[in-house]
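Hydrogens, waters and symmetry mates are skipped; everything else that's a heavy atom, side chains included, is used. Proteins get letters first, then strands, A, B, ... in listed order; numbering begins at 1 in each.
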There are 2 protein chains.
Amino acid sequence: MSSSQQALEAAHLIDRLERLVRAGEQAGDLNPAQWEALRFLARANRFSRTPAFLADYLGSTRGTVSRTLASLEEKGYIVRTDSARDGRSVEFALTAAGEKALKTDPLLALAQDIERTTMAKAVREALRKALHNAVQRNGGRAFGVCRTCRHFEAQVSPGSRAPHRCGLLDERLSQADSDSICAEHEATAA
Amino acid sequence: MSSSQQALEAAHLIDRLERLVRAGEQAGDLNPAQWEALRFLARANRFSRTPAFLADYLGSTRGTVSRTLASLEEKGYIVRTDSARDGRSVEFALTAAGEKALKTDPLLALAQDIERTTMAKAVREALRKALHNAVQRNGGRAFGVCRTCRHFEAQVSPGSRAPHRCGLLDERLSQADSDSICAEHEATAA
DNA sequence: CTCAATTAATTGCCAGTAGCTATTATTCTG
DNA sequence: CAGAATAATAGCTACTGGCAATTAATTGAG
């Protein structure tokens with residue numbers, strides 16, 4: 001079997017796995033789009049939890065995302081705050097109920113299925129490269145993790161609770177911040 | 001990073017890759033459900049290309065699938081035939097236009113992204129195991145490839161154009177048949 | 001052999017979703 | 001300070017997908 005056939009079958013497998021996940025998602029009181037939003041809010045840093053960034057991340061539109069977030073808010077999984085830095089903007093954060101809901105994320109079941117193959121690391125690395133290729137092809141943004149960004153300045157205030165710094169937004173960053181997805185992320189190499 | 005974290009991140013990557021594929025699917029004149037149906041018809045053997053099996057495969061309902069197929073038929077990508085073996089049932093097959101459309105399948109782009117990681121084989125094997133786990137968990141059918149089924153009898157008539165045989169349906173099978181997905185598939189081991 | 005139960009497919013109906021566009025409020029730019 | 005750009009949202013529309021009812025064919029029990 002040629003490598004292109006291997007790859008094609010892998011793509012089909014991804015398709016089917018995802019469909020099973022979506023089937024699991026239909027079961028609860030959240031739809032797939034709402035799950036994706038909830039996951040994003042859990043993984044994004046506080047500068048990125050806005051409707052506009054979420055729309056970019058999901059490849060959706062702002063109007064659509066606005067309703068998705070309104071629905072999550074109504075169900076009590078997230079809370080809205082007016083942005084302190086931009087009067088037009090709002091920011092969202094998970095509530096305790098939201099955190100709890102994520103513990104039943106259907107994606108966790110898939111993660112377990114992958115872990116059981118004992119090849120989780122290889123799969124993750126390959127898929128990460130594949131996503132990189134795919135994002136490049138689509139001309140989209142990478143949405144990388146904060147600490148891998150060119151604006152990230154590590155250990156500016158060692159020992160403090162927010163030891164790092166973002167040179168772009170001029171903000172202090174905790175360890176948790178630096179592990180989160182950031183919408184402003186720019187790759188390091190020029 | 002623990003293996004469960006690796007696996008979780010792999011699951012997230014699958015989620016994002018699939019979303020990019022879906023975004024690509026929105027572009028053409030087929031929607032995601034129609035693409036999935038078209039792919040299934042291309043990969044399923046002639047005993048399995050019915051609305052009922054497709055609904056099972058997609059984890060959807062017959063009513064929904066009925067419309068999806070009607071739409072594909074109207075667009076000229078597939079043709080409908082009354083089943084010879086069951087007067088209630090219909091069977092579908094790709095037209096030349098359908099074959100041609102599949103050449104622009106957005107999933108092919110994903111396959112190329114995976115191939116470029118040079119880890120296609122490892123990914124495929126891991127995902128195949130993961131899918132097996134996932135299907136087991138959901139209690140669903142595996143929909144395996146014909147020649148791996150317990151009813152498959154190889155080389156019953158060597159040299160003929162349909163050398164193999166299905167012991168369940170009592171049908172002669174060509175090489176192409178034996179490489180296709182079958183809705184009646186049952187695993188070999190008891 | 002006959003009639004009831006089952007199964008295949010389709011259609012009408014309805015709820016929910018996503019996208020487009022216009023609107024309002026705010027910020028940025030020159 | 002005026003005009004352009006941006007953030008978010010609401011109205012509208014088209015589409016999708018599921019449920020339930022219907023028609024047609026097959027199966028099976030007596």
### Query
Between dG17(D), dA8(D), dA18(C), which nucleotide has the shortest distance from any of its atoms to the side chain of Ser89(A)?
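Selected nucleotide: dA8(D).
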### Query
When you measure from the side chain of Gln34(B), which nucleotide among dT10(C), dG18(D), dT16(D) comes out closest?
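Side chain of Gln34(B) sits closest to dT16(D).
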### Query
Using a distance-only test with no angle check, is there a side-chain donor-acceptor pair under 3.5 angstrom linking Glu115(B) and Ser3(A)?
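Side-chain D/A pair, Glu115(B) to Ser3(A): present.
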Rounded to the Å, how far apart are [X] [atom1] and [N] [atom2]?
{"X": "Glu36(A)", "N": "dA18(C)", "atom1": "CD", "atom2": "P", "answer": "9 Å"}
{"X": "Glu91(A)", "N": "dA7(D)", "atom1": "CD", "atom2": "C1'", "answer": "12 Å"}
{"X": "Leu58(B)", "N": "dT16(D)", "atom1": "CG", "atom2": "C1'", "answer": "14 Å"}
{"X": "Leu54(B)", "N": "dG17(D)", "atom1": "CG", "atom2": "P", "answer": "11 Å"}
{"X": "Asp82(B)", "N": "dA25(D)", "atom1": "CG", "atom2": "C1'", "answer": "12 Å"}
{"X": "Arg62(B)", "N": "dC19(D)", "atom1": "CZ", "atom2": "P", "answer": "13 Å"}
{"X": "Arg22(B)", "N": "dA18(C)", "atom1": "CZ", "atom2": "P", "answer": "11 Å"}

Listed partners of [X] passing side-chain hydrogen bond (donor to acceptor under 3.5 Å, both in side chains), at least two apart:
{"X": "Ser66(A)", "answer": "none"}
{"X": "Thr118(A)", "answer": "none"}
{"X": "Glu125(A)", "answer": "none"}
{"X": "Thr81(A)", "answer": "none"}

### Task
Mark up nucleotides 24-30 of chain C, 5' to 3', with B wherever a protein heavy atom is under 4.0 angstrom from a base atom, S wherever such an atom reaches only the sugar-phosphate, and - elsewhere.
-BBS---
### Task
Identify, residue by residue, the members of residues 63-81 of chain A with a heavy atom below 4.0 Å from DNA chain D, and return them in order of residue number, or none.
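By residue number: Gly63(A), Ser66(A), Arg67(A), Arg80(A).
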### Message
Suppose the criterion is side chain to side chain donor-acceptor pair (under 3.5 Å): which pairs have a residue in residues 92-110 of chain A, not counting sequence neighbours?
### Response
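Listed once each, the pairs are Arg39(A)-Asp105(A).
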### Task
Output every pair passing salt bridge (charged side-chain N to carboxylate O under 4.0 Å, His left out) with a member in residues 63-80 of chain B, not counting sequence neighbours, ordered by first then second residue.
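Residue pairs passing salt bridge (charged side-chain N to carboxylate O under 4.0 Å, His left out), neighbours aside: Glu73(B)-Arg80(B).
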### Query
Are the side chain of Arg62(B) and the backbone of Pro51(B) linked by a donor-acceptor contact shorter than 3.5 Å?
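Such a contact is absent between Arg62(B) side chain and Pro51(B) backbone.
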### Task
Output yes when at least one side-chain N/O atom of Asn31(B) is less than 4.0 Å from OP1 or OP2 of dT16(D), else no.
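Checking dT16(D) against Asn31(B), a side-chain N or O does come within under 4.0 Å of OP1 or OP2.
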### Distance test, side-chain N/O of Thr61(B) to OP1/OP2 of dG18(D), below 4.0 Å
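True: Thr61(B) side-chain N/O within range (under 4.0 Å) of dG18(D) OP1/OP2.
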### Task
Have a look at Ser83(B) and say if it touches a base, only the backbone sugar-phosphate, or nothing, with a 4.0 Å heavy-atom cut-off.
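If one applies the 4.0 Å heavy-atom cut-off, Ser83(B) turns out to touch nothing in the nucleic acid.
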### Message
Taking transitive links into account, so neighbours of neighbours count too, which hydrophobic residues share a cluster with Leu8(A) at under 4.5 Å side-chain distance?
### Response
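Members alongside Leu8(A): Leu108(B).
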